[in-house]
Amino acid sequence: MSRLPVEQLLPMEAHLEWQALGQELAAHDIRYHQQDAPVISDADYDALRRRYDAILAAFPELQRQATAIARVGAKPSERFSKIRHVVPMLSLANTFSDEEVGEFVDRVRRFLDWPEARELTFTAEPKIDGLSCSIRYEKGLLTKAATRGDGEEGEDVTANVRTIRSIPQRLRGDVPSVLEVRGEVYMATADFLALNARQEADGKPPFANPRNAAAGSLRQLDPSITASRPLTFFAYAWGAIEGDLPSETQSGMVAAFGSMGLPVNPLTKRCVSVEEMIAHYRLIEEKRPTLGYDIDGVVYKVDDLALQQRLGFISRSPRWATARKFPAEQARTVLLDIDIQVGRTGALTPVAKLQPITVGGVVVSNATLHNEDEIARKDVRVGDTVIVQRAGDVIPQIVAVVLEQRPEGAKAYEFPHLCPACGSHAVREIDPKTGEAEVARRCTAGLICPAQATERLKHFASRNAFDIEGLGDKQIEAFYSDGIITRPRDIFTLEARDARSLKKLKDREGYGETSVKKLFAAIVARRYVALNRFIFGLGIRHVGETTAKQLARHFGSIQRLREVAVQASADGEVAKAELTGIDGIGPILAGSIVDFFGEAHNLEELDALMAYVTPEAMEAVAAESPVSGKTVVFTGALERMSRDEAKAMAERLGAKVSGSVSKKTDLVVAGPGAGSKLADAKKHGVEVISEDEWFERVGG
Ligand code: IVH
């Protein structure tokens, strides 16, 4: 290639060529150092390196970015270690329409008791479609970087993040002594296309979209590969901070990040009305095709940080923010077949098998059909051309059938009445309250059904339950079909049985001495497990992680939960009331808890399991606080916070909030106008304090 003499290059040309050379060199470094497969001669390599250095010498402003390349050739890091997020990395609730944005604002105002007439500012900014990353600076120097992971713990990607040119190694100006900057690592569209072209030229599979490419590039064990991939970053949030906050507002914080040298998104705007928020969404939507990077919506955040603090979190997302997602993307394809999957609770779920099609940059070959009624309502038939829609990470859906393209003779779909996994009857139970049939048709065989049994085992060993490493879905399926693990207790007897067996696990396909040892160690480690994980792992219908935590907190032991549930199933009104008295547990949930403990085979399995497993105290929810573990009742008019806010605050501090006063109540917070609850408190000798005293006590 003929090249202009360096001194004739315009700055822009120099920049582009230098960047391209950097990437080329990095790729050659990898081929040479890691793959032992150089594709150019040493002389050619040296010529490239000389040109690279010459450009750098002529355009010293490129120096700042040179660090990344200098690091190329660094040895591959050891396997990713984990980093615990001191401040969890949360996700965002979604809204899909103008109305829902209005509702979000209304909710915030209601929660804060913020009158319509009083101005409330929100920020609006693009929602970047990349992967979030937390970058820690100490005394202004980059020390650690982690992916989001499960929000509590992420992967240590420090070495990789150091190679991203737009992320400064050192922050400018006056910065807090510790600052964890959070934001999105992403790949620009042009860089993504170029990367895929290179992948294909190298005979490697292309990435499905820029997000996957960014994730694949950041989560590399070898930082020099990350260095060769053009990643970028936008800062939009933060985690732990020690020292003075640079600002008291969201927008001020982000502006401060900008002046520290971090890239921030220029489309961030402060809005003081729902109309402005919607107008900014429209503007971003309009600019979307020409931004040069993928976004999947707009994020709104309450600007005032003190208000963010008051609003707090609900489950895993902040009450003070929401994402307005762009409408889903759609495409047409042919429905090849309908597969019926049997879930943990026996529900038969229809899955559409599709002629693979790209929707919004992702190849889709399966879509959910929800349930029997949905298929009938849309009259979906095998052979039909259907419209498939996908939005973000949500499972693709079939929105409609293109009737004009229905093949002749296509028959209406008949939903099976027998379980495809075990042949037992599958029925739709009648809800005794409404008298209507449930939406799901369920296999009646319970654990005799292999599909239900394996799904239950998968759930039991899964990450948020027992979290047994090395016992994933595939392993469970194989162990189940060979009769090695058919019930939860079998997991804990596996090692002893293997010691006696002639057909050793280590001789199985895909196993060896080390992996078997690891598996046994992972199982032994779970003989002590947090009570909430234990309860969640039981797979009681409707009992998700949050409910499991509530049950663990309330009952404190599995025996106590079992006692109450068994009593309730023998028609114990008091026991039933204890269940429904727990915040967030309604009659349906209580019913399924009672049903679970009413089944002899569940109790039998529980007994067997308890011989091996000791459920331990609940995982910490909140740090120790003066009210943790206490049952609190709020009554009367509260003046400094709304009732919802009071409840959320108490729960955040580890207290349980109840609606009525009994002898189990520890504390009543009474505002003006408190009536019968105050009298009840006196009767039971419960401590009563004012709202101001509450704040003094919890340090608000
Ligand atoms: S704020 C506490 N702002 O969206 C909430 N998130 O769906 C902090 N994301 O996990 C998130 N652009 O990875 C925020 N401008 C933006 C964002 C953004 C993209 C991602 C982030 C988050 C996910 C939630």
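Every number for a ligand or one of its atoms is a count from 1 in the order of the listing. Side chains included, hydrogens not; waters and symmetry mates left out as well; all remaining heavy atoms used. Given the structure is predicted, the values throughout are model-derived calculations rather than measurements.
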Best match, Glu184, Arg148, Lys301, Lys325: closest heavy atom to atom 3 (N) of ligand 1: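 Going through Glu184, Arg148, Lys301, Lys325 one by one, Lys301 has the nearest heavy atom to atom 3 (N) of ligand 1.
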
Have Glu184 and Tyr236 got a donor and an acceptor in their side chains that come within less than 3.5 Å? yes

Between Asp644 and Ser642, is there a side-chain donor-acceptor contact under 3.5 Å, judged purely by atom types and distance?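 Side chains of Ser642 and Asp644: no pair found under 3.5 Å.
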
With a cutoff of 4.0 Å, is Pro126 in contact with ligand 1, counting heavy atoms of the residue only? yes

Could you tell me if any non-hydrogen atom of Met89 lies under 4.0 Å from any atom of ligand 1?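 No; Met89 lies far enough from ligand 1 that no heavy-atom distance drops under 4.0 Å.
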
Within the 4.0 Å heavy-atom shell around Leu90, which atoms of ligand 1 are there?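 Per the distance check, 10 (O).
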
Check each heavy atom of [X] against ligand 1 and say whether those closer than 4.0 Å belong to the side chain, the backbone, both or neither.
X: Val299; answer: side chain
X: Ala321; answer: neither
X: Arg182; answer: neither
X: Glu125; answer: side chain

Only counting residues at least two apart or in another chain, list the ones meeting side chain to side chain contact (heavy atoms under 4.5 Å, CB included) with Arg282. Asp98, Ile278, Glu285, Arg324

Would you indicate whether the side-chain heavy atoms of Val657 and Glu651 approach each other to under 4.5 Å? yes

Looking only at N/O atoms, are Tyr236 and ligand 1 under 3.5 Å apart anywhere? yes

Classify the ring geometry between Phe234 and Tyr186 as parallel (under 30°), tilted (30 to 60°) or perpendicular (over 60°).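 Parallel.
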
